[in-house]
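Note that the numbering runs from 1 along the sequence shown for the chain. None of these values were measured; they are calculated from a predicted model.
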Amino acid sequence: MRSLLTAATISLAFTLFLTPLFIRLFEKLGWGQVIRTPENAHNPNHHAKRGTPTMGGVIFILGSIVGYLVGTLTGGAPPSISGILVIWMMVGLGAVGFIDDYMKVRQQRSLGLSGWRKVVGQILVAVPFGIVALNFPNRVGQTPASPFISFFRDIPMLSFLALGAVIGWIAYLVWISFLSVAWSNATNLTDGLDGLATGAGIFTVSAYSLVTFWQFQQRCTSEALVTAYQAACYDTRDPMDLTIIAASFVGALVGFLWWNAPKAKVFMGDVGSMAIGGVIVAMAVLSRTEILSVIIAGVFIIGPASVILQRWYFKATGGKRLFLMSPFHHHLEMRGWPEITIVVRMWIIAGMLAVMGVGLFYVEWLAAV
């Protein structure tokens with residue numbers, strides 16, 4: 001518990017007090033937001049944000065790592081392979097976003113990496129994660145991830161390795177890559193208004209910290225586990241370490257939100273939004289709750305779903321639009337909603353979905369007891 005509180009406090013202090021220094025550094029480097037897309041040409045509020053320091057995701061990525069390392073080391077337990085894997089996804093997908101951001105800033109264009117190049121970068125991060133996550137068993141044979149598709153826990157009849165060693169591994173890595181591409185792009189599309197993705201990320205990752213903490217309390221390897229609860233125990237490896245890295249990430253996001261809330265002094269950029277996606281997918285895979293993540297992180301599905309529906313409707317109707325603009329939060333802007341109203345209501349949705357996901361997780365445990 002000391003490690004948990006220390007990690008969250010250090011990461012919170014890091015982003016809360018050091019972000020102004022990073023903002024000045026980013027201004028000197030010329031890392032200002034570029035807004036030249038035709039979709040925003042009519043929106044004076046978006047044009048007013050031009051030049052605001054961007055790539056702020058670098059700040060909470062560093063804050064999360066510092067908080068996690070200090071928390072684990074002061075707690076007397078070294079970082080686990082599971083915690084390192086979460087950091088890998090956070091930093092790796094954040095790096096893909098950083099390249100995209102840097103290209104935009106350097107070329108002073110709103111277009112960075114092409115879609116397929118971005119997907120290739122995301123897969124190059126996801127595949128090593130998947131390989132390592134299914135190796136390195138601990139003393140009782142638990143690996144960070146499992147070869148099963150999971151909901152509240154592994155679904156026994158949905159094992160990739162049942163397809164055979166070679167085909168099973170390929171199918172498993174395709175699944176991990178799909179999750180990584182889907183969640184990192186979903187969080188990226190959600191990041192369009194001041195504080196929107198940051199606040200949603202706080203609710204989502206906080207929910208995952210509760211999930212993994214409960215898994216720690218009810219882990220199958222615990223000698224203190226009540227016999228009556230044995231049937232509902234969890235095989236998750238390193239659940240407490242997952243809780244620590246999640247708490248550290250939430251602390252970093254809370255400190256960053258102080259400066260990112262409307263009107264933002266700094267934007268997270270693609271480096272930040274994709275890092276949030278990386279943490280979500282890593283926590284989902286390593287806590288064996290991949291399908292449950294659709295509920296816990298459901299707020300991040302609204303944006304990409306609206307984009308898909310918009311394109312489908314446009315093609316099906318020969319040019320008509322379902323929304324005034326996609327993603328959906330820009331449609332609400334076009335309808336005249338103030339930015340702060342959209343952001344706060346999306347936070348409320350994020351909170352309700354996170355609570356619903358955690359509630360369903362607990363109900364499943366009760367049913368399994």
Is it true that Y229 and W365 have ring centroids separated by less than 6.0 Å?
-> yes
Tightest non-hydrogen contact, residues L113 and V96, listed as CD1-O, 3.8 Å
Side chain to side chain donor-acceptor pair (under 3.5 Å) filter on Q230, not counting sequence neighbours, yields none
Between Q310 and R321, is there a donor-acceptor pair closer than 3.5 Å when you use the side chain of the first and the backbone of the second? no
Q. Heavy-atom distance under 4.5 Å between the side chains of V299 and T190, does that happen here?
A. no
query = Taking the inter-plane angle between the rings of F60 and F256 on a 0 to 90° scale, is it parallel (under 30°), tilted (30 to 60°) or perpendicular (over 60°)?
reply = perpendicular
Problem - Electrostatic pair K104:D270 at N-O distance under 4.0 angstrom - result: yes
Joining Ile, Leu, Val, Met, Phe, Trp and Tyr whenever any side-chain heavy atoms lie under 4.5 Å apart, the cluster holding I170 also takes in V166, V174
- Query: Between F323 and F328, does the ring centre distance come in under 6.0 Å?
  - Reply: yes
Give a yes or no answer on whether the side chain of R153 reaches the backbone of A232 with a donor-acceptor pair at less than 3.5 Å.
yes
Parallel, tilted or perpendicular for W214 and Y362, by the 30°/60° rule? perpendicular
inquiry  = Under 3.5 Å, is there a donor on one side chain and an acceptor on the other for Q122 and S184?
reply    = yes
Those residues at least two apart in sequence (or on a different chain) that pass side chain to side chain donor-acceptor pair (under 3.5 Å) with S206 are none
> Charged N to carboxylate O below 4.0 Å: is that the case for K118 and D100?
Replying inline: yes
Please report whether the ring centroid of Y172 lies less than 6.0 Å from that of W169.
yes
Just by distance, no angles: are the side chains of T243 and Y208 close enough, under 3.5 Å, to form a donor-acceptor pair? no
**Asked** Are the side chains of V127 and I176 in touch, meaning some heavy atoms are under 4.5 Å apart?
**Response** no
